[in-house]
Chemist: 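I'd like to ask you about the structure that follows.
Since this is a predicted model, take the numbers as computed values, not measurements. Because only heavy atoms are used, hydrogens play no part in the values below, and waters and symmetry mates are left out as well, while side chains stay in.
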Amino acid sequence: MAVRRSNEKKEQNMKCFICKGMYENKVSTFMVEIGNMIIIIRDVPSQVCAQCGEVSYDTDVAKHLESIVNSLKETTMEIAIVHYPDIAA
C-alpha cells in the first residue's frame with residue numbers, strides 16, 4: 001500500500017513536488033487492491049494539487065488509512081467501502 005505522507009499538515013501555499021502546482025485541502029477517495037480484495041475509503045482529508053491532481057495525506061491521516069486497511073484485509077469480503085470520518089472518529 002503506497003500512501004504519500006507529509007511530516008506536517010500542508011497548507012494551501014505548499015507546492016506539489018511533482019509539478020510545483022499548489023496544494024489545496026480537500027477530501028478524496030483512497031483505494032487499494034490487496035490480493036483479491038478492493039478497499040475503498042471515501043471522504044479522506046487530503047491535500048490535492050490543483051494542477052496535476054497529486055494526492056498527499058498528513059501523517060495522522062496516513063496512519064489511520066493504514067490501520068483501516070489492516071483491519072479490513074482480515075475479512076473475507078471482496079470489496080469493502082468505508083466512510084473515513086465514521087471510522088477515524
Chemist: Out of curiosity, does Leu72 fall in the hydrophobic cluster containing Ile38 (side-chain heavy atoms, cut-off under 4.5 Å, transitive links)?
Modeler: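 Looking at the clustering, Leu72 is in a separate group from Ile38.
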Chemist: Give me the atom names and distance for the closest heavy-atom approach of Ala62 to Tyr57.
Modeler: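 That would be N-CB, 4.2 Å.
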Chemist: If hydrophobic clusters are built from ILVMFWY residues whose side chains come within less than 4.5 Å, do Met31 and Val27 share one?
Modeler: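 No: no chain of side-chain contacts under 4.5 Å links Met31 to Val27.
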Chemist: Given Met37 and Ile79, is the side chain to side chain contact (heavy atoms under 4.5 Å, CB included) satisfied, shown in steps?
Modeler: CA-CA 6 Å; Met37 181 179 194; Ile79 299 175; over 6 Å; no
Chemist: Roughly how far apart are Ser46 OG and Phe30 CZ, rounded to 0.5 Å?
Modeler: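 Atom-to-atom, Ser46:OG and Phe30:CZ are 11.5 Å apart.
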Chemist: Using the rule side chain to side chain contact (heavy atoms under 4.5 Å, CB included), only one of Ile41, Asn70, Val32 pairs with Leu65; which is it?
Modeler: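 For Leu65, the side chain to side chain contact (heavy atoms under 4.5 Å, CB included) check succeeds only for Ile41.
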Chemist: Quick check for you: to the nearest 0.5 Å, what is the distance between Ile34 atom CD1 and Lys73 atom NZ?
Modeler: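 If we round to the nearest 0.5 Å, Ile34:CD1 and Lys73:NZ are 5.5 Å apart.
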Chemist: Measure the spacing between CE of Met77 and CD1 of Ile39 and express it to the nearest 0.5 Å.
Modeler: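 If we round to the nearest 0.5 Å, Met77:CE and Ile39:CD1 are 8.0 Å apart.
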Chemist: From Lys20 NZ over to Cys52 SG, what is the distance, rounded to the nearest 0.5 angstrom?
Modeler: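 Answer for the NZ-SG pair, Lys20 versus Cys52, is 10.5 Å.
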Chemist: Would you name the heavy atoms of Tyr84 and Ile68 that are closest together and state the gap between them?
Modeler: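 Result for this residue pair: CD1-CD1, 4.0 Å.
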Chemist: Let me confirm one number: the SG-CD distance from Cys19 to Glu54, rounded to the nearest 0.5 Å.
Modeler: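 Output value for this atom pair is 8.5 Å.
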Chemist: Output every pair passing salt bridge (Lys or Arg N to Asp or Glu O under 4.0 Å) with a member in residues 25-38, not counting sequence neighbours, ordered by first then second residue.
Modeler: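 Residue pairs with at least one partner in residues 25-38: Glu24-Lys26.
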Chemist: Are more than 12 heavy atoms from other residues, nucleotides or ligands located less than 6.0 Å from atom CG of Asp86?
Modeler: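 For Asp86, atom CG is crowded (more than 12 foreign heavy atoms under 6.0 Å).
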Chemist: Would you give the length of the straight line joining atom CZ of Arg42 to atom OG of Ser28, rounded to the nearest 0.5 angstrom?
Modeler: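 Arg42 CZ to Ser28 OG: 10.5 Å, rounded to 0.5 Å.
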Chemist: Evaluate the side-chain proximity of Val44 to Thr29: yes if any heavy-atom separation is below 4.5 Å, no if none is.
Modeler: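 The answer is no; the side chains never approach within 4.5 Å.
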Chemist: Considering the options Met14, Lys15, Gln47, Gln51, which one meets the side chain to side chain contact (heavy atoms under 4.5 Å, CB included) requirement together with Met22?
Modeler: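 Going through Met14, Lys15, Gln47, Gln51 one by one, the side chain to side chain contact (heavy atoms under 4.5 Å, CB included) with Met22 is satisfied by Lys15 alone.
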Chemist: Do Val61 and Ile87 belong to the same hydrophobic cluster, where Ile, Leu, Val, Met, Phe, Trp and Tyr are linked whenever their side-chain heavy atoms lie under 4.5 Å apart, directly or via other members?
Modeler: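 Linked within one cluster.
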